[in-house]
Amino acid sequence: MTAYICMPELPEVETIVRELAPRLRGRHIVSVEVLQPRITRHSKTDITTVLPGRRIEEVRRHGKFIIVDLDQGCLTIHLGMTGQLLFDTAPGPYTRVIFVLDDAVLLYDDTRMFGAIEFGAARVERLGPDALTQLAPDKLKRKAPVKAVLLNQAVFSGIGNIYADEALFRAGIKPTARNISRPRAEKLLAAVDDVLREAIEHRGSSVSDYVDTEGRRGSFQQQHRVYAREKLPCVVCGTPIRKIVVGGRGTHYCPKCQR
DNA sequence: ATCTATTCCTGGCTGC
DNA sequence: TGCAGCCAGGAATAGA
């Protein structure tokens with residue numbers, strides 16, 4: 001099977017949570033096997049001893065974090081770059097954690113191991129408000145480049161590299177702009193909300209030609225206007241899209257439409 | 001307090 | 001053709 005890369009940002013995690021919640025709600029965890037200890041590096045509690053016997057009450061999301069509420073405590077999952085949750089699949093070379101449930105086996109696969117699984121919500125508590133809630137424009141007024149502010153999960157949580165670039169394009173704001181005005185901040189937050197909701201409708205963005213067994217995965221990559229479009233013509237004005245580095249991340253923008 | 005650079009990790013791509 | 005070297009990026013960390 002060809003692996004697909006979904007670059008899990010808020011819309012991708014939301015899509016996964018919507019699939020996961022009805023399948024996990026009410027189930028019990030039978031046993032847990034950690035094949036790669038690095039994945040549980042942030043956990044203060046050994047998940048292999050604390051999880052067996054727990055009942056799953058709910059699955060929800062904050063930013064890019066998946067939160068599995070249990071009858072006692074919760075489990076927090078971050079997919080990093082390449083994390084995947086797979087039901088009833090044979091373990092492969094990148095299977096890092098195996099959850100045996102009362103009616104299924106759930107695998108956590110992750111090639112690059114940037115993802116993390118921990119007992120408790122310590123890291124979630126350090127996050128800013130979820131990017132799909134009502135956001136305060138004044139929080140964007142900082143000295144750092146506005147794109148770096150968008151990526152700062154302590155300011156707003158859930159926006160990653162793809163949707164930061166896409167929202168800045170839609171708002172007509174250059175990624176390197178600093179101390180942006182109130183009207184521009186409001187415009188940018190409206191663009192963030194638009195792009196995230198549209199992406200959720202498309203089940204997120206998938207990078208590569210992979211189609212799963214149901215024939216559906218994210219398709220929002222077809223709507224990308226700047227991300228991964230370096231040197232291609234701007235969809236609005238035809239100017240070649242430029243790629244620079246902002247906040248240590250590859251950043252795509254239209255030099256004419258974004259000021 | 002805020003900002004910036006570096007680190008982790010590996011598949012896939014580039015170029016010699 | 002083969003392989004070294006670089007690139008991608010979310011979040012933690014160290015340093016400014």
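Sequence lines set the chain letters: A, B, ... in the order given, protein chains first and strands last, and positions in each chain run from 1. Owing to the predicted nature of the structure, the values given are computational and were not obtained by experimental measurement.
- Sorted by first and then second residue, the salt bridge (Lys or Arg N to Asp or Glu O under 4.0 Å) pairs involving residues 21-31 of chain A (not counting sequence neighbours) are A:R23-A:D88, A:R25-A:E58, A:R27-A:D102, A:R27-A:D103.
- Taking CD from A:Q153 and NE2 from A:H62, the interatomic distance works out to 9.0 Å, rounded to the nearest 0.5 Å.
- Across all strands, A:G250 comes closer than 4.0 Å only to sugar-phosphate atoms, never to a base (heavy-atom distances).
- Across all strands, A:K139 comes closer than 4.0 Å to no nucleic acid atom at all (heavy-atom distances).
- Across the protein-nucleic acid pair, A:N152 atom CG and C:dT13 atom C1' stand 14 Å apart, rounded to whole Å.
- Looking at heavy-atom distances under 4.0 Å, A:R178 makes contact with sugar-phosphate atoms alone, never a base.
- A close approach under 4.0 Å does occur between a side-chain nitrogen or oxygen of A:K64 and OP1 or OP2 of C:dA11.
- Distance A:K147 NZ to B:dT4 P: 14 Å, rounded to the nearest Å.
- Under the 4.5 Å side-chain heavy-atom criterion for grouping Ile, Leu, Val, Met, Phe, Trp and Tyr, A:L151 is not connected to A:M81 through any hydrophobic cluster.
- Rounded to whole Å, atom C1' of B:dT2 lies 16 Å from atom NZ of A:K141.
- Between the CE atom of A:M81 and the C1' atom of C:dA8 there is a distance of 6 Å, given to the nearest Å.
- As a whole-Å value, the separation of A:R123 CZ from C:dT13 P is 9 Å.
- Within 4.0 Å of A:P145, counting heavy atoms only, lie sugar-phosphate atoms of the nucleic acid but no base atom.
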Response to the item:
In 5'-to-3' order, the base (B), backbone-only (S) or no-contact (-) status of each nucleotide in nucleotides 7-12 of chain B, using a 4.0 angstrom heavy-atom cut-off, is -BBBS-

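- Salt bridge A:R123/A:E118: present, at least one basic N to carboxylate O contact under 4.0 Å.
- Contact between the side-chain N/O atoms of A:Y227 and the OP1/OP2 oxygens of C:dG9 is found at a separation under 4.0 Å.
- Between the CD1 atom of A:I117 and the P atom of C:dA11 there is a distance of 15 Å, rounded to whole Å.
- Pairs engaging residues 66-80 of chain A under the salt bridge (Lys or Arg N to Asp or Glu O under 4.0 Å) rule: A:R54-A:D71, A:R60-A:D69 [sequence neighbours left out].
- Residues A:G248 and A:R142 each lie close to DNA chain B; by heavy-atom proximity, the contact nearer the 5' end of the strand is made by A:R142.
- Between the C1' atom of C:dA11 and the CG atom of A:L127 lies a distance of 10 Å, rounded to the nearest Å.
- Taking the six-membered ring for Trp and thresholds of 30 and 60 degrees, A:F220 and A:Y163 have ring planes inclined between 30 and 60 degrees apart.
- Distance check, rounded to the nearest 0.5 Å: CD1 of A:I29 to CD1 of A:I56 gives 4.5 Å.
- The side chain of A:H78 approaches C:dA11 more closely than any other nucleotide in the set B:dC3, C:dA12, C:dA11.
- Set against B:dT4, C:dA11, C:dG10, the side chain of A:Q153 has C:dA11 as its closest nucleotide.
- What separates CD of A:E125 from C1' of C:dA12 is a distance of 17 Å, to the nearest Å.
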